[in-house]
Each structure stands twice: as structure tokens, then as C-alpha cells.
Amino acid sequence: MNALPVTLNHRNIYIIPTRYGLLFIVILIGMLIGSMNYDNNLGFLLTFFLGSLTLVSMFYTHYNLSGLTFASIRSTSVFAGQKAIFELHVKMKRTNRYSLNVRMANGDEQVIHILDNTSHVIYIGIDTQYRGVLIPKYIRISTVFPLGLFWAWTTLEIKDGCIVYPNPIPTEFKPLWIQKNQNQKDKLISIGVDDFQGLKSYQPGDPLNRIYWKGYSRGQGLFVKVFDGQIGTSVILDFMNIPDQDTERKLSKLCDWVQKSARLNLAYGLRLPDSELSPDRGDAHQHKCLKALALHGLQSPMV
Amino acid sequence: MTFRKALWNKSNINSMSSTDNSAKTISGNQYDSSEIILYYIIVALLVAILPLLFILPIWIKVWVLVMWGYVYIGQKKQWRLPNFIMRHILFAFGMICWLASSGIRFDGQDYMALLAIMAGLKPLEIQTHRDRIIAVFLAYFCVIASLFTFENLSMTLYMFFSVFITTSVLIKLHQPKDGILNYFRLSFWLLIQSVPVMLISFFLFPRIQNSFWVTGLMARETTGFSDRLELGKMSRLIQREATAFKVKFNGPIPAPENLYWRGIIFDYFTGDNWIYENSERVSHGKIEGENPVDYEVILEPHGKKWVFALDVPVSGPNWAKILDDHTLRSYHNIYQKKRFRAVSYLSIQGDVFQTWDTKSLKLPADGNPKARAMAEELKKRSESPDQIIQSALDMFVRENFVYTLDPPMLKDDLIDDFLFRTRQGFCEHYASAFTFLMRASGIPSRIVGGYQGGEINPYDQYLIIRQSDAHVWVEVWLKGRGWVRIDPTAYVVPERIQRGVDAVLEPDKIYGFFSLRRWKSVSDFANKVRFAWGMINNQWEQWVMGYSYIEQLQLLKQLGIQTGTWKGAIQVLGLACMLILLFSAFYMIINQSRPVAYPEKVQKIYLKFCHKMAKAGYVKSLSQGPLDYMNSITTEDEHFKSKMSDIIDHYICIRYANRGNSHMLKQLNRLVSDINRYIPKKNSTKKSWN
């Protein structure tokens with residue numbers, strides 16, 4: 001198991017005969033015995049020729065892996081149930097690598113040929129089921145090229161796993177709205193998002209996703225939908241506020257809320273039993289929240 | 001074997017292969033979805049089996065071609081492949097045909113036939129990666145099978161060719177997305193790199209003197225003498241161009257009339273045939289003679305125990321004994337090419353041959369009355385055996401006997417019929433008739449079978465003795481002189497002995513239409529080609545085919561290894577391992593240090609370019625990179641401009657883009673070497689003024 005980055009050489013490439021290789025060797029031994037028995041020099045010649053070919057093909061198989069540098073592996077977070085895609089960055093001094101078999105433990109398998117670039121990205125997927133951090137046991141790079149008589153392989157250790165967010169379960173969006181009072185402390189109110197109050201004319205800076213497109217398409221001008229709860233645009237998504245008993249389901253529903261808040265362009269904070277994130281906007285914040293949900297209650301190290 | 005039902009259908013084949021779990025890593029959808037691969041496999045099988053097809057019975061040829069033709073055309077026309085049951089029926093049918101045609105004898109050819117039947121069937125059931133691999137292995141196996149059948153240089157070259165093709169296909173199986181030329185190239189390099197280890201193993205692998213078990217397994221069609229001389233049958237032997245053996249003399253080549261290659265004694269006459277009697281008494285007496293001739297023989301396999309040697313052999317190979325009738329006899333049937341040294345005396349002291357047996361006078365109780373009467377008369381008229389012999393020989397000359405390879409059939413009393421009716425025949429007719437007359441008149445005599453003459457290859461002085469040089473002659477026993485060779489054919493057609501059978505008969509009577517020998521007279525060039533090829537063949541046979549236990553001993557001795565001891569054995573093993581390891585290490589080093597970016601080389605060429613440009617007045621300042629430098633040069637000369645940008649492009653590509661290869665480097669070098677021609681002259685003229 002090799003931690004990245006790693007350059008493949010004779011120390012970390014393993015090579016054994018394939019079963020076809022073994023069969024071929026058995027055939028060669030048979031040929032050798034035949035040649036000895038009949039003292040047939042041409043038989044000897046061919047047997048040694050093929051034996052030598054086997055030996056040389058072993059070097060070729062080794063050579064097909066040797067010199068590859070696996071620089072890094074990276075993945076983008078996904079929701080549970082989706083396929084996690086790992087990007088493996090490869091550099092090499094010389095190209096023309098044929099029939100590299102890339103296989104991820106419990107994951108996908110593919111064959112790639114690298115014929116022109118000296119750097120290459122291998123994408124390899126794995127199905128996810130549960131939230132958390134998915135660290136595949138290994139990635140195995142192997143090859144039987146050129147003759148299929150030998151199998152050379154190496155395994156790469158993956159340290160940075162893929163963060164798998166909980167699978168979002170659609171649920172009614174009822175966060176705690178933060179009401180900005182001038183003197184008092186912020187007050188939290190629970191209102192549904194559906195409490196539609198009316199329209200106001202559009203001003204630059206209004207969130208695009210609340211434009212009343214239907215009216216715009218009818219030629220009524222640009223209006224923005226105003227909701228009752230829209231006293232402020234900040235919400236707190238509270239774990240305790242989810243009407244469910246099961247923690248996992250609660251996390252999934254929170255996940256849905258995070259997505260909805262983001263879609264509504266609200267500034268949202270997350271309150272979990274053991275941690276709290278203050279309201280904010282943006283992709284980075286969303287990832288932070290979803291990650292917090294993904295890792296909630298798990299022993300895994302924070303990544 | 002896995003039989004599965006499938007259509008000629010891509011998705012179907014793919015789904016099949018994915019069910020084969022073990023082949024998952026290297027087959028299935030990801031790898032190869034094209035049916036083209038089947039064509040490649042058929043080609044590999046065809047190339048591998050082609051030499052065998054020539055010797056196999058016609059029905060096997062048809063079998064193989066029909067099967068492969070069906071697969072080939074079927075792929076295009078989307079025909080259905082035979083299913084599981086159908087394939088088994090075909091297999092059983094093939095087996096029955098095979099058993100019937102082999103007659104449950106099972107010699108080498110039958111195993112070849114079996115191999116061909118299986119090779120014919122295999123493409124019908126190729127669906128998975130495993131099937132393809134097995135088919136390719138089968139092709140390799142066909143190659144070696146054909147080696148056991150043919151043992152000449154052409155076959156060896158063909159072997160390399162078919163291994164090359166088969167290996168290309170094997171590469172194709174593991175690297176489907178590439179051009180066909182690339183498979184050939186890779187295959188070629190693989191094979192070239194295999195040669196060193198092959199040679200090391202070939203020369204150092206311990207050879208043994210005898211087989212582990214009986215070698216009768218590979219019995220094949222024999223060409224050459226059988227143990228009986230049926231009148232009229234030998235002409236078929238004479239019509240064969242095949243080489244019987246080759247001889248290299250350590251010294252001058254004896255005169256043609258002395259080149260009698262002795263092999264078999266036919267002693268017993270049945271009335272129809274002369275039969276070799278298996279009374280193998282080993283010679284004990286010491287033979288003394290004159291004109292020792294030392295030579296080396298490369299004997300082609302003929303499936304019998306005969307060993308042909310120049311008349312009279314006194315020493316031969318250790319795997320053969322010298323019989324008291326002065327023929328050499330191998331202990332085992334000869335199925336492999338044999339190489340040996342022998343010494344013969346051209347003339348020997350007759351006293352040693354005092355013995356003769358009553359069997360040398362024996363004739364059937366009756367038959368051939370006219371010949372017997374003639375013998376009686378000869379005996380009556382003559383005073384000495386010499387005279388009898390002479391008058392019998394005179395009779396052949398006097399009575400207009402004709403030498404022909406195509407004599408009329410003899411009937412009833414064969415000797416009478418020949419002597420008094422047809423009077424047409426060749427050596428065996430003359431020898432038979434003469435021996436009959438001798439025995440009938442009381443002179444011990446016997447027929448000797450072998451070869452006479454031979455053709456000298458002027459390039460390497462090898463004497464080639466072909467089946468067409470097959471000959472029989474007579475020996476008579478004379479008091480005080482022992483066995484004396486008398487060749488009645490020589491009296492009828494002296495040219496036969498002097499210049500060979502070609503001199504006597506029209507070439508197209510002897511050889512087939514396509515034979516090179518037939519065109520001997522047509523052009524001198526063909527003759528030269530034939531001899532040159534013969535020489536290469538001889539060298540090949542001497543150094544590769546003839547390499548055996550004894551040669552290995554000599555080689556090891558020269559390397560300073562004491563054979564026959566444990567120490568020696570370990571030394572040989574150590575040497576072989578060391579050489580192979582050395583090769584491997586060398587190979588690894590080459591692989592590791594293969595230059596990719598060529599930083600120094602490309603830099604050197606670039607500097608040369610800058611130097612040339614500076615000479616012409618375009619000086620590069622230190623701070624300028626290649627692109628800046630190029631842009632700084634203002635010129636109207638489009639040709640010069642394009643050449644310059646070519647160079648800069650190449651340089652950047654190799655130096656910075658890390659994409660260099662040796663080809664690009666060469667091209668860059670060429671461009672830089674040529675640049676002088678394109679640099680405008682104006683600056684240099686200015687320089688000359690200074």
C-alpha cells in the first residue's frame with residue numbers, strides 16, 4: 001500500500017504470472033520434455049524462444065507500470081446514494097501506457113490507455129450508501145500488457161476520503177427566522193416559507209430566485225415575491241426543530257433544509273446537538289454545513 | 001471448454017464474457033468489443049498450421065478450411081454460430097473421422113491431425129477472453145508440432161515468422177485500441193529481445209545422449225530404403241529430390257567412381273524380392289587398408305537403422321555398430337537428424353574377408369530356368385570365377401540393355417523376363433540379375449544397397465547425396481581377394497557412376513515440374529541460388545541442428561568447464577543463470593534510463609543554432625527566451641522565417657512541453673544543420689568588411 005504521491009518502481013510494483021501465464025509455462029515444460037526426448041534441436045530452439053519471450057514480456061509488463069507517478073487523489077463531495085468520483089492525477093516521464101486496469105476496492109473498474117499526454121487524470125467512481133467519510137481501502141493499478149502472461153500491480157492508499165452528505169429527504173421548510181430588533185437581542189421565530197405576502201418591484205440586489213417570473217413573462221414588469229417571514233433573511237436550522245425521532249432521518253431532513261436555504265439565498269446557520277455554525281451564505285458555507293451533517297456523531301477524524 | 005450459445009452479436013458476446021468471472025479484469029466490455037479479433041485469431045491459426053496442412057490428409061484440409069470459412073463469412077453475414085449441441089456433434093464427428101483415418105495406429109501424423117481438428121473447431125466457440133487466449137496458445141502448439149515434422153532451415157525461418165504473427169495477435173488481445181502496425185512493431189521488438197536468452201539457453205541447457213522413452217511415437221513417412229528390394233519399387237526413391245545425407249570431407253573429395261555409400265546388404269532372394277536378413281553380427285577383426293578418408297555425415301532421419309558410410313567404413317559414431325558385412329547399424333531407429341564422424345578405407349586388404357556364408361549362394365529351389373541355364377553355360381565355358389563375371393558383364397553391354405527409370409512390368413520369372421525379354425531397367429534390375437547369375441554359377445554374391453555419387457556444393461564443399469542417388473550394386477566373393485565390388489550398372493551406363501543420374505536421364509523424367517533441380521539447365525543463376533541456399537542450410541545444420549551432447553561438451557571444454565562432475569554441472573547452471581541475470585539487469589537498466597526529454601542534447605542543438613545565427617549577425621541577448629528571440633529578429637525572408645519558427649517550435653516542444661522523442665530530436669538537428677542555407681546574406685557581408 002503506497003501513500004501518495006508515489007512513483008512506481010521495482011520496490012512497489014508486484015508481479016506474478018497470470019493463470020494463462022502458468023498454463024503457458026506448463027505448455028513450455030511439455031515442449032521441453034518433448035524436445036529432450038526426441039533430441040529435437042528445433043524444438044529446443046522454439047521452446048527457449050518462447051521461454052525467453054515469456055521472460056521479456058515480464059519486463060514489458062513491469063515497464064508498463066514503472067515510472068508512473070501518482071501525484072494526488074481528490075474527490076468532490078456527494079450525497080449518499082450518488083456515485084463518488086475520485087480524480088487520480090498521474091504524471092509520467094514517457095507515455096504509451098497500454099491497458100492499465102484501474103480498480104477501486106468495492107468500486108468501479110476501468111481500463112485506460114495513455115498515449116499522448118505526460119499528465120493524465122483518471123476518474124474512478126464508487127457507489128455510496130451512507131453519510132460520513134468514504135475512504136476506499138485502496139486503488140489498484142494493474143496491467144497484463146503486452147502478452148497477458150504476467151500481472152503487475154500496485155495498490156495506492158487513499159488518505160483523503162470523500163465526504164458523503166446525508167441523503168436529503170424533502171420536508172417542509174420550517175426554520176427559525178432571525179428577527180432583527182434594534183435594541184433587543186435577535187429573536188427567533190418559526191414561520192413557514194410559504195407565507196406569501198405579496199409582490200414588490202425589483203431592485204438590484206434582490207435574490208434572483210424570488211423574481212416573479214410568471215408576471216415578467218406576461219409583461220407585467222419585474223416583481224419580487226415577498227414572504228411573510230422575510231423580516232430578515234437569516235435562518236437557523238436547528239436539529240431539535242426537525243419533527244422526527246430518528247437521528248439519520250433528522251440529518252437527512254436538515255440536509256434538505258440546507259439545500260432549500262441555499263436555493264432561497266438565505267443566510268443560514270446550523271445548530272446541531274454538539275456544534276453550531278453561525279448564519280452565512282455561499283458554497284463554502286454550504287459545504288461546511290453539509291459536512292457537519294455528514295460527520296455528525298461519527299468518530300472519523302475531521303477532514 | 002466452455003460452450004455457450006451466442007449470436008454474432010456484439011452485446012451478446014460482451015454479456016457472455018462478463019459472465020466469465022476470472023476473465024473480468026482483462027476482458028469484457030472494457031477491452032475488446034470488436035469481432036475483428038476473431039479474424040486475427042484465424043489468421044494466426046492458419047499461419048501456424050499451414051506447414052502441417054501440406055502433410056495432412058485431404059479431409060483435414062477441407063475440415064479446417066470449411067470451419068474457418070464459416071466463421072469468417074458468418075461474421076460478415078450474421079450467421080448463427082453452431083450451438084452447444086451442434087458443436088459437440090461436430091467434435092464427435094471429427095473424432096470419428098480421425099479414428100477411422102488413423103486406423104487407431106497413432107503415429108506422429110495422427111497427433112498432428114488431431115491438433116488440426118481441434119484448431120479447426122476452436123474459432124467456432126470463441127466468446128470469452130479465455131477462449132481467445134486458448135486459441136492463440138493452440139497456434140503456438142501448432143508451430144512446435146510442425147517443427148517435429150520438418151527440420152530444415154526454411155521451416156525454422158517460417159517458425160520465427162509464425163511465432164511473430166501469433167505474438168502480434170496475443171498483443172492485440174491485450175491492447176485492442178491500436179493500429180496493426182504497432183502490434184507488429186511491438187511483437188518484433190519482443191522477439192528480438194528474446195533472442196539472447198534463447199541462445200544462452202539453447203547452448204547451455206544440458207543435452208542428454210539418449211531418449212527417456214521409446215521414440216517410436218513420432219514415426220513418420222519414411223523416405224529411403226526399406227528392408228526389402230522389390231523389383232521396380234526403387235525407381236520411386238530415385239525420383240525423389242530430398243536429401244538423404246550430406247558429407248563434409250576432412251581432406252580432398254574422392255573421385256566419383258569411389259563414392260559408394262554403403263548401407264544395407266540384401267542377402268536373401270525370394271524369387272520376387274531381395275530381403276535384408278537381420279543377422280547382425282558385429283565385426284571383430286581389425287581391418288587394414290589404404291587411403292583412409294575422414295569425413296563427417298549429416299544424416300537425414302529415415303525411420304530405420306541404416307547408417308550410410310563410404311565403402312568401407314572402419315570407424316563410425318558411438319550410437320552405431322559396425323557389422324561384419326561392413327555396414328553401420330544404429331542401435332535405434334533414426335527419427336532425428338544425426339551428425340557423425342566416420343573413417344573409411346577406399347581399398348582394403350582382401351584377406352580379412354575370408355568368410356562367406358552359404359546364404360550367399362542360396363537361391364529359390366526353382367524358377368527362372370532360362371537364367372539358370374545361362375549360368376550353367378557360363379560356368380561351363382569359363383575357367384575361373386573372374387571369367388564368369390566378365391562374360392556376364394559383357395553380356396549386359398553386348399545385348400543392348402537399356403537404362404531407364406520407367407521399365408516395363410516384369411512378369412512370372414522376373415529375372416528371366418528381364419534378361420531375355422524387356423532388357424530395360426535400372427540398377428536394381430541389373431544387380432538382381434547379376435547376383436542371380438553369380439549364385440547360379442556358384443559364386444557367392446550379395447546385393448549392397450546405398451547411394452552412389454553426390455553433388456558438390458561449390459560454396460562450402462559439402463557433398464549432398466539425395467534420394468535420387470540411391471543405388472544398389474553387387475559384391476562377389478573371390479578366393480584370395482574376399483568380397484569384391486562389382487557394379488553391373490556401371491557397365492551398362494558408365495555415365496551414371498561418373499556424373500550421376502541426371503547425366504543419364506532427362507531431368508523432367510526424374511523430378512517434379514516445380515523442382516528447382518528441373519530448371520538446372522535453364523539458368524546458371526538458379527543453380528547458384530540453389531547452391532548458396534544449400535550452403536546456408538549446411539551451416540545451419542552444422543551449428544544449430546547438429547548441436548548435441550558432443551558439441552556441448554566441446555563448447556563447455558572451451559569455456560573451461562569440467563564436465564561429468566557435480567562441480568561442472570553447478571558451473572554450467574551458474575553460468576546460464578549468470579548470463580540470463582546479466583541480460584535481465586542490462587535490460588532493466590536500458591528501460592530505466594531511456595531518455596525522454598533529452599535536456600542536454602536539445603540544449604546543445606539549440607546553442608548550435610544560436611551560434612550560427614550570431615555569426616550571421618542575429619545575436620541573442622542573454623535575457624531572451626526562444627520566443628522573444630524569434631520575435632526580435634525582423635526579416636522579410638518568409639522562407640527563413642518559417643524555418644526559424646520551425647526550429648523554435650521543435651525546441652520548445654522538446655525542451656519545455658516534455659513531449660520530445662528521438663524522432664523530433666533528429667528533425668531538430670536536421671533543421672539546424674540546414675539553417676545556414678536560409679539565413680539572409682546581408683549581415684554576413686557586412687561582417688566580411690570588418
Side-chain angles (χ1 to χ4, degrees), chain A residues 9-10 18-20 23-24 27 30-60 62-63 66-67 92-95 98-99 101 103 109-113 115-119 142-149 151, chain B residues 22 24-26 30-31 130 133 137 140-141 143-144 147-148 151 155-156 159-160 163 167 170-171 173-178 186 190-191 193-199 201-202 205 207-208 211-213 215 217-218 335-337 544-548 580 584 587-588 591-592 594 596-597 658-659:
Chain A
N9 55 32
H10 58 274
T18 60
R19 55 199 197 110
Y20 300 116
L23 176 65
F24 195 65
I27 291 176
M31 284 177 166
L32 185 64
I33 292 172
S35 305
M36 283 164 81
N37 186 45
Y38 298 117
D39 196 21
N40 185 319
N41 270 348
L42 278 187
F44 275 120
L45 204 65
L46 180 69
T47 309
F48 293 137
F49 193 38
L50 294 182
S52 182
L53 179 68
T54 312
L55 184 74
V56 171
S57 89
M58 184 178 81
F59 286 108
Y60 267 78
H62 188 274
Y63 187 51
S66 163
M92 63 212 95
K93 279 186 184 158
R94 62 186 168 79
T95 53
Y98 300 98
S99 306
N101 181 292
R103 198 177 94 88
E109 177 173 10
Q110 58 171 314
V111 174
I112 53 163
H113 312 280
L115 299 181
D116 44 7
N117 281 317
T118 47
S119 64
S142 63
T143 186
V144 293
F145 179 81
L147 298 187
L149 304 178
W151 187 61
Chain B
S22 51
K24 195 177 155 198
T25 49
I26 36 179
Q30 328 143 331
Y31 255 93
R130 200 183 73 164
I133 296 262
F137 285 3
Y140 279 126
F141 213 82
V143 176
I144 199 165
L147 282 186
F148 278 99
E151 291 186 318
M155 193 55 228
T156 314
M159 169 197 97
F160 282 105
V163 167
T167 307
L170 192 55
I171 293 169
L173 287 182
H174 296 97
Q175 204 323 82
K177 287 186 181 121
D178 214 341
L186 182 57
L190 271 170
L191 295 181
Q193 284 160 343
S194 304
V195 169
V197 174
M198 172 185 79
L199 291 178
S201 319
F202 181 79
F205 186 82
R207 302 306 171 87
I208 47 169
S211 305
F212 315 139
W213 62 80
T215 44
L217 187 70
M218 294 300 279
Y335 291 112
Q336 253 67 49
K337 217 169 255 201
V544 180
M545 291 311 301
Y547 187 81
S548 68
I580 291 174
S584 304
Y587 190 72
M588 276 179 98
N591 271 352
Q592 295 291 326
R594 193 169 288 182
V596 177
N658 220 358
R659 305 248 324 243

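Proteins come first, then strands; the chains are lettered A, B, ... in the order of their sequence lines, and each starts at number 1.
Contacts with chain B were tallied for A:Asn41, A:Leu46, A:Ile27; A:Asn41 has the most, counting heavy-atom pairs under 4.5 Å.
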N/O donor-acceptor pairs under 3.5 Å from side chains in residues 51-59 of chain A, not counting sequence neighbours:
| residue | atom | partner | partner atom | Å |
| --- | --- | --- | --- | --- |
| A:Ser52 | OG | B:Ser194 | O | 2.4 |
| A:Thr54 | OG1 | A:Leu50 | O | 2.7 |
| A:Ser57 | OG | A:Thr54 | O | 3.0 |

Legend entry - side-chain contact (heavy atoms from CB on, under 4.5 Å) between B:His174 and A:Tyr98, worked out: CA-CA 8 Å; B:His174 296 97; A:Tyr98 300 98; over 6 Å; no

Inset, instruction - Applying ring pair (Phe, Tyr, Trp, His ring centres under 6.0 Å), run through B:Phe202 and A:Phe49 and close with a yes or a no. - result: CA-CA 9 Å; B:Phe202 181 79; A:Phe49 193 38; over 10 Å; no

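Side-chain contact check for A:Met36 versus B:Phe205: some heavy-atom pair is nearer than 4.5 Å.
Here CE of A:Met31 is found 9.5 Å from OH of B:Tyr140. Values are rounded to the nearest 0.5 Å.
For chain A, the nearby parts of B:Leu191 are the backbone and the side chain; heavy atoms of each come within less than 4.5 Å. For a residue to count as touching a neighbouring chain, one of its non-hydrogen atoms must lie under 4.5 Å from one of that chain's; by this rule B:Ile133 touches chain A with the side chain only. B:Leu199 does not touch chain A: none of its heavy atoms, backbone or side chain, sits under 4.5 Å away.
Taking each heavy atom of A:Phe145 and B:Gln175 in turn, the nearest pair found is CE1-CG, 3.2 Å. A pairwise comparison of heavy atoms in A:Leu147 and B:Leu190 identifies CD2-CD1, 4.1 Å as the closest pair.
In this structure B:Thr156 satisfies the side-chain contact (heavy atoms from CB on, under 4.5 Å) test together with A:Leu42, A:Leu45, B:Phe160, B:Trp540, sequence neighbours excluded.
Surrounding CZ of B:Phe141 are at most 12 heavy atoms belonging to other residues, nucleotides or ligands under 6.0 Å away.
Formation of a donor-acceptor pair under 3.5 Å by the B:Ser201 side chain with backbone atoms of A:Phe48 is not found in this model.
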